[in-house]
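So the structure is just underneath, and the comments pick up after that.
Since this is a predicted model, take the numbers as computed values, not measurements.
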Amino acid sequence: MSEFEIVDVTEGDRLITQKEAAARLGTNQAFIKRLLDTNLLPCIRFGRYARISVYALTEFIREHQGDDLQRVVEDKELRMREKGKVYVVSPATLRKERGAV
């Protein structure tokens with residue numbers, strides 16, 4: 001018997017790209033990257049590539065049903081920046097901080 005087994009992967013276990021996740025959410029890849037960089041959307045990283053499980057994306061959608069995701073991301077980025085852990089700053093956040101909004 002081999003040490004490897006063939007396992008049937010269900011749809012929920014399938015890993016998708018940022019592009020596929022963006023299509024499912026009806027947004028762009030840059031926004032998905034912000035969700036990943038703020039750890040709002042869990043992912044599995046393979047070097048510089050991030051993959052999202054269909055299950056994690058479904059749970060994320062369920063958890064944030066009715067939320068303004070733009071505001072959720074901006075709030076998380078602000079908290080991260082205050083802790084010195086910011087990876088991404090959105091243009092909208094920069095405008096807000098500069099008083100241009």
Side-chain angles (χ1 to χ4, degrees):
M1 182 174 184
S2 170
E3 66 180 271
F4 300 103
E5 295 180 34
I6 297 174
V7 178
D8 182 26
V9 178
T10 65
E11 176 65 13
D13 292 336
R14 194 168 74 82
L15 298 177
I16 60 175
T17 64
Q18 293 178 49
K19 184 176 183 178
E20 291 171 306
R24 287 181 183 230
L25 284 181
T27 187
N28 58 40
Q29 288 179 319
F31 189 73
I32 297 298
K33 182 169 177 4
R34 287 176 64 198
L35 290 173
L36 298 177
D37 288 344
T38 55
N39 295 319
L40 286 167
L41 179 60
C43 70
I44 297 173
R45 295 196 184 269
F46 300 97
R48 65 184 183 140
Y49 300 103
R51 296 293 182 262
I52 302 136
S53 77
V54 171
Y55 176 79
L57 184 60
T58 302
E59 286 300 307
F60 174 81
I61 293 167
R62 187 174 299 134
E63 180 181 335
H64 291 285
Q65 192 74 32
D67 291 348
D68 178 354
L69 286 180
Q70 186 70 32
R71 184 173 301 268
V72 170
V73 172
E74 288 174 359
D75 289 346
K76 180 71 182 255
E77 288 172 342
L78 180 62
R79 288 192 307 273
M80 290 174 72
R81 209 169 31 262
E82 288 170 351
K83 292 180 181 180
K85 296 181 180 179
V86 70
Y87 301 101
V88 176
V89 178
S90 72
T93 302
L94 289 174
R95 286 192 302 274
K96 191 181 296 181
E97 288 179 353
R98 294 178 185 150
V101 174

How far does [atom1] of [X] sit from [atom2] of [Y], to the nearest 0.5 angstrom?
X     : Y     : atom1 : atom2 : answer
Ile16 : Cys43 : CD1   : SG    : 11.5 Å
Glu77 : Arg79 : CD    : CZ    : 10.5 Å
Thr17 : Ile32 : OG1   : CD1   : 9.5 Å
Leu78 : Arg71 : CG    : CZ    : 12.0 Å

I need the minimum non-hydrogen distance between [X] and [Y], along with the two atoms involved.
X     : Y     : answer
Leu25 : Phe60 : CD1-CE2, 4.5 Å
Ile52 : Ala21 : CD1-CB, 3.8 Å
Leu15 : Ile44 : CD2-CD1, 3.9 Å
Thr38 : Arg34 : OG1-O, 2.8 Å

Applying side chain to side chain donor-acceptor pair (under 3.5 Å), name anything that partners [X], two or more places apart in sequence or on another chain.
X     : value
Thr58 : none
Gln18 : none
Asp67 : His64

Close side-chain approach of Val72 to Asp75, heavy-atom, < 4.5 Å: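 They are not in contact (no side-chain heavy atoms under 4.5 Å apart), so the answer is no.
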Less than 4.5 Å apart, side chain to side chain, heavy atoms only: is that true for Leu69 and Thr27? no
Partner set under salt bridge (Lys or Arg N to Asp or Glu O under 4.0 Å) for Arg62, not counting sequence neighbours: Glu59
Salt bridge (Lys or Arg N to Asp or Glu O under 4.0 Å): pairs with one or both residues in residues 39-53, sequence neighbours excluded: Asp37-Arg45
Run the ring pair (Phe, Tyr, Trp, His ring centres under 6.0 Å) test against Phe31 and tell me which residues pass, sequence neighbours left out. none
